[in-house]
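Quick notes on the structure that follows.
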Amino acid sequence: MYDVKAVRRDFPIFDNGLAYLDSANTSQRPRQVTGAMMEYFEKFNSNIHRAAYHIAEEATDRYEATREKIRAFINAASTKEIIYTRGTTEAINLVAYSWGRANVKPGDLIVLTILDHHSNIVPWQILATANGANIEYVDIDDRGELRQDQFRELLEKQPKLVSFSHVSNALGTINPVHEMVAAAKAAGATVLVDGAQGAPHQRVDVRDLGCDFYAFSGHKMLGPTGAGILYGRRELLEAMDPFLAGGDMIKTVRVEGTTYHDLPWKFEAGTQAIAEVIGLGAAVDYLDGLGMDNVLAHEREVTDYAYETLSDIEGLTLFGPPPSRRAGVISFALDGIHPHDLATIADRDQVCLRAGHHCAMPLMTRLGVPATARASFYVYTLKDEVDRLAGSIKEAQRIFK
Amino acid sequence: MYDVKAVRRDFPIFDNGLAYLDSANTSQRPRQVTGAMMEYFEKFNSNIHRAAYHIAEEATDRYEATREKIRAFINAASTKEIIYTRGTTEAINLVAYSWGRANVKPGDLIVLTILDHHSNIVPWQILATANGANIEYVDIDDRGELRQDQFRELLEKQPKLVSFSHVSNALGTINPVHEMVAAAKAAGATVLVDGAQGAPHQRVDVRDLGCDFYAFSGHKMLGPTGAGILYGRRELLEAMDPFLAGGDMIKTVRVEGTTYHDLPWKFEAGTQAIAEVIGLGAAVDYLDGLGMDNVLAHEREVTDYAYETLSDIEGLTLFGPPPSRRAGVISFALDGIHPHDLATIADRDQVCLRAGHHCAMPLMTRLGVPATARASFYVYTLKDEVDRLAGSIKEAQRIFK
Amino acid sequence: MSTPPSADDQFYREYILDHYKNPRNYGRLDHPDISHEEDNPLCGDVVGMDFRIKDGVIDDIRFHGRGCAISQASASLLTERLKGIPLDDAKRINKDDVLGELGIEISPARIKCALLPLKVLKVGAYGLAAEDEE
Amino acid sequence: MSTPPSADDQFYREYILDHYKNPRNYGRLDHPDISHEEDNPLCGDVVGMDFRIKDGVIDDIRFHGRGCAISQASASLLTERLKGIPLDDAKRINKDDVLGELGIEISPARIKCALLPLKVLKVGAYGLAAEDEE
Ligand SMILES: Cc1ncc(COP(=O)(O)O)c(C=O)c1O
Ligand SMILES: Cc1ncc(COP(=O)(O)O)c(C=O)c1O
């Protein structure tokens, strides 16, 4: 049995009754994660690699241990395929610069989706402008699900790159990633999956998925801010030029030129977010301890309950697919009440709710709304918090009657 | 009176007798810094900007408050000129990509120095290759000081960009930055100062300096890993294209194209290192509390003492300038003992010493040594630790007699 | 530490809700002398204003837009204040005037909503750089 | 937590220091059948080896280079072992053999120093991908 009460005890921030319903934005972090960071700071704080004393060895070991944990977490073939970044955004930009600039040619097609997060749109827009490529966006149907028919049509144009999110952060839609990756690979495209809302919430197997790149953020999976992951297939990473350059990503630097380090360090220039990577390792341990299947089941239960509870409220419109095809994210609108006003009223009840475009303006434009209110759930979310949200909604409706 | 014993009590890592002489690599962090991070994690952990609830407002306030602290710390004209990065390396790469790709033309000259850190060499080598520019390196004289005559000659060739470090991390040489920036600006160059070893150790006034960019790392100035700073003159930053793209650095995203956010956020894409930036703010407070003049004076005292102590050891060669023109860094070699062997022996005495090329291979090549041993000092360094280092050196000499 | 507004505060006072639900001077003018619109891309609020100027005085004014109660009520309140006053006086209206008129404590996250109408006035009527008002 | 090696350990045993200060088979061969050099750029250690092969046996061997006591002693020890044995036997020498011969506990940071000579053997004599030996 999944014991959510026990889980919550690991999160000091809940001690004062906060109902945090914004985990798709950033998650909370358990003591185990901050404790691992504090241990680094207080016991073996030092820089990694090429160090000649024991605390630096310890720091290096812990830093590299996270890489193996992440490798196992997403079942990558090798730790050489695990690159540390600040988060999903930097990971996607790394690919856009290092792979994109060299491989995308004038007239090439890039296929994105209207569901995507800005971080998976704007880097490609910039690349397309720089290299003279075109972008086409897969639309959604009325339930907020990607139009697979249109996706297949676009694949017939033999896109150079296909990039889409595993799960939409704005609607919670779980995209059929396996099928989509397989079709895109069959069409000859390089495929990036934005896993910012994927990896934190379900078991991910990048080899089974078959994508070329998979990007995600530590801070959305109980890890600290400042550390995220780019998974890339070794073959592609080997062929790519470095992204950032500087200390640690080189083999030799001479006035005449420079040779680069092996994978994965080729892509890790300068002093890394060491404490944060160590914290991320503790987050993976924590999630492994819970079991990703249990995490998924718990979120599903809360999401089902929330979907039902909110459906019952008059004047409330739910966006996105039915609960069976959505992750722990619910976006909605209230008649006559702007999402920001709702969020402000909820805040008075200590209910943390997101209101806005969720970094998905093209999607908002498509839905014809300026913004939505969004509740999102994670390992620590209680049904009771969903009830509190419902209470805040009713309070807002009373005020704005 | 500067009370180093009191300072040390703020650093739990010293409780067990560690002599940490590798602060030029990364500094230790006081309780105040880790405490500020823990407060974020446990009290108002949330994402920043566009949030509609109070803990996110608190996080945003604290995150932006660091910007003002940094602005004041280096006396920039506006917080719009303070860009958060992961560290010096990312800051320099940001300039190399966003400013460099657009402004450096075929045949342009880039002037660097042989003293520089790889992070201030390799990004420019890559840029030069991409854009067809040339690089020339200012050499050092026998005392490890930049040859100003040669620098002036190179300026006559009207370089597009001049980039050099405030202080050499490998030799401790304090470059005459004021004169060098003024001369380079007079020659019409854009000027970047790598302040990784500058800002942590002395009062810096970027307006007085007159440079266009100044880069430094939080983790070398008592802050956590994962947060650093690019200062850029507003005029230049305004004119530059964004670097990383994604959430938060945009104003509007549409299928047809995107408009970017105002400074400084234009350069801060995706979820930032929030806890780390907040920690960096606490580090600035801590340094302000000590007073940068006191920090400098303390380091000078320790450095003078170390210079004298090491000079007395037979078979020991000191590299670099006399103590009056060097920061708290001492690089040296022992006859017949490789730096790595020395570091290993010192480690047995709990003395943390760096051995290697210090990310300055061109300088090592120039000095004709494969590596040096390096001791570096900071706000918490005791003369007693210098004595312990001398003891380790003598022990190594006994072993290798 | 900031605290959440307490449950019994008057954030959504009656008259703000009234201005939101029954906005004054709402709509468009035909052939306005000045017409300007601004949006707050971060939350999607939009406010536009049309001005008719006669002898240096704001003879008529309308606003349009969509967004949260704060931005729309603030726009409604501002048009009431602007109607009939000399442009030169309008020029002197500032942040504090607008926030004072709203009469409620506005959290940092919402302050841009409250000031969006003022930005429309400043940028539209005087061509001031938008950001100088932030 | 890793701990620093204790003060009385035998990290720098006599015979290691001896091999460092009096390296065996040090120098170059004229017209070697195989000659290969590798460096560890991270610390600047360099080791190169020259081999003379006769009937599939390592008839003569010399090493040159510079670096820390570990890398140079390890090279000296390895050449002693290699001299006179069939190339096929040399092929089977692995990490554990080399570390065993050194007979001291080597910290992760120094292990690359210890294994650099083996890398020279593997890459030089067999053209193996360097990293497979790491
Ligand atoms: C002079 C100098 N420049 C640049 C850097 C790179 O800083 P970071 O590793 O924090 O990016 C360093 C740090 O070692 C340095 O000493
Ligand atoms: C689907 C998706 N992609 C990308 C991102 C960007 O992640 P980060 O801000 O950690 O870089 C997010 C986070 O909001 C997201 O939800």
Side-chain angles (χ1 to χ4, degrees), chain B residues 12-13 15-22 25 118 122 170 319 331 333-374 388 391-401, chain D residues 1-23 26 37-48 63-77 99 102-117 119-120:
Chain B
I13 199 163
D15 288 355
N16 296 316
L18 194 73
Y20 184 76
L21 299 178
D22 196 16
N25 193 352
H118 293 163
V122 189
F319 299 107
S331 255
L334 293 179
D335 293 348
I337 305 177
H338 193 278
H340 270 191
D341 293 317
L342 172 62
T344 297
I345 288 164
D347 189 31
R348 300 199 296 195
D349 305 331
Q350 291 231 64
V351 174
C352 301
L353 198 65
R354 184 96 188 267
H357 54 62
H358 319 299
C359 294
M361 281 192 191
L363 176 63
M364 296 294 121
T365 307
R366 171 62 179 80
L367 294 173
V369 295
T372 73
R374 184 186 72 182
R388 285 171 61 187
S392 295
I393 291 171
K394 282 167 194 158
E395 168 72 1
Q397 290 178 322
R398 192 191 58 71
I399 292 174
F400 279 80
K401 76 203 147 293
Chain D
M1 287 284 303
S2 75
T3 43
S6 62
D8 60 2
D9 78 345
Q10 293 299 310
F11 188 65
Y12 290 95
R13 283 169 192 263
E14 273 311 322
Y15 71 90
I16 293 204
L17 289 168
D18 179 44
H19 273 273
Y20 176 57
K21 289 188 244 173
N22 311 299
Y26 192 85
E37 187 178 292
E38 287 276 336
D39 63 348
N40 179 349
L42 300 188
C43 66
D45 285 356
V46 179
V47 170
F63 87 95
H64 60 276
R66 59 178 194 190
C68 64
I70 307 295
S71 70
Q72 304 303 306
S74 176
S76 175
L77 282 159
L99 297 179
L102 281 165
I104 52 177
E105 225 196 278
I106 296 193
S107 66
R110 303 301 301 280
I111 214 143
K112 288 205 176 193
C113 307
L115 296 180
L116 185 61
K119 190 167 162 183
V120 177

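Chain letters run A, B, ... following the sequence lines, proteins first, then strands; residues in each count from 1. All figures in this text were calculated on a predicted structure; none of them were measured in a lab.
Between atom NE2 of residue B:His338 and atom CG of residue D:Asp45 there is a gap of 4.5 Å, rounded to the nearest 0.5 Å. Between B:Ile399 atom CD1 and D:Arg13 atom CZ the span is 13.0 Å, to the nearest 0.5 Å.
The shortest heavy-atom contact between B:Gly336 and D:Tyr20 is O-OH, 3.4 Å. Nearest heavy atom pair, residue B:Lys401 against residue D:Lys21, reads O-NZ, 3.1 Å.
Checked against salt bridge (Lys or Arg N to Asp or Glu O under 4.0 Å), B:Arg366 has the following partners two or more places apart in sequence or in another chain: B:Asp139. With sequence neighbours left out, the salt bridge (Lys or Arg N to Asp or Glu O under 4.0 Å) criterion links D:Asp18 to D:Arg24.
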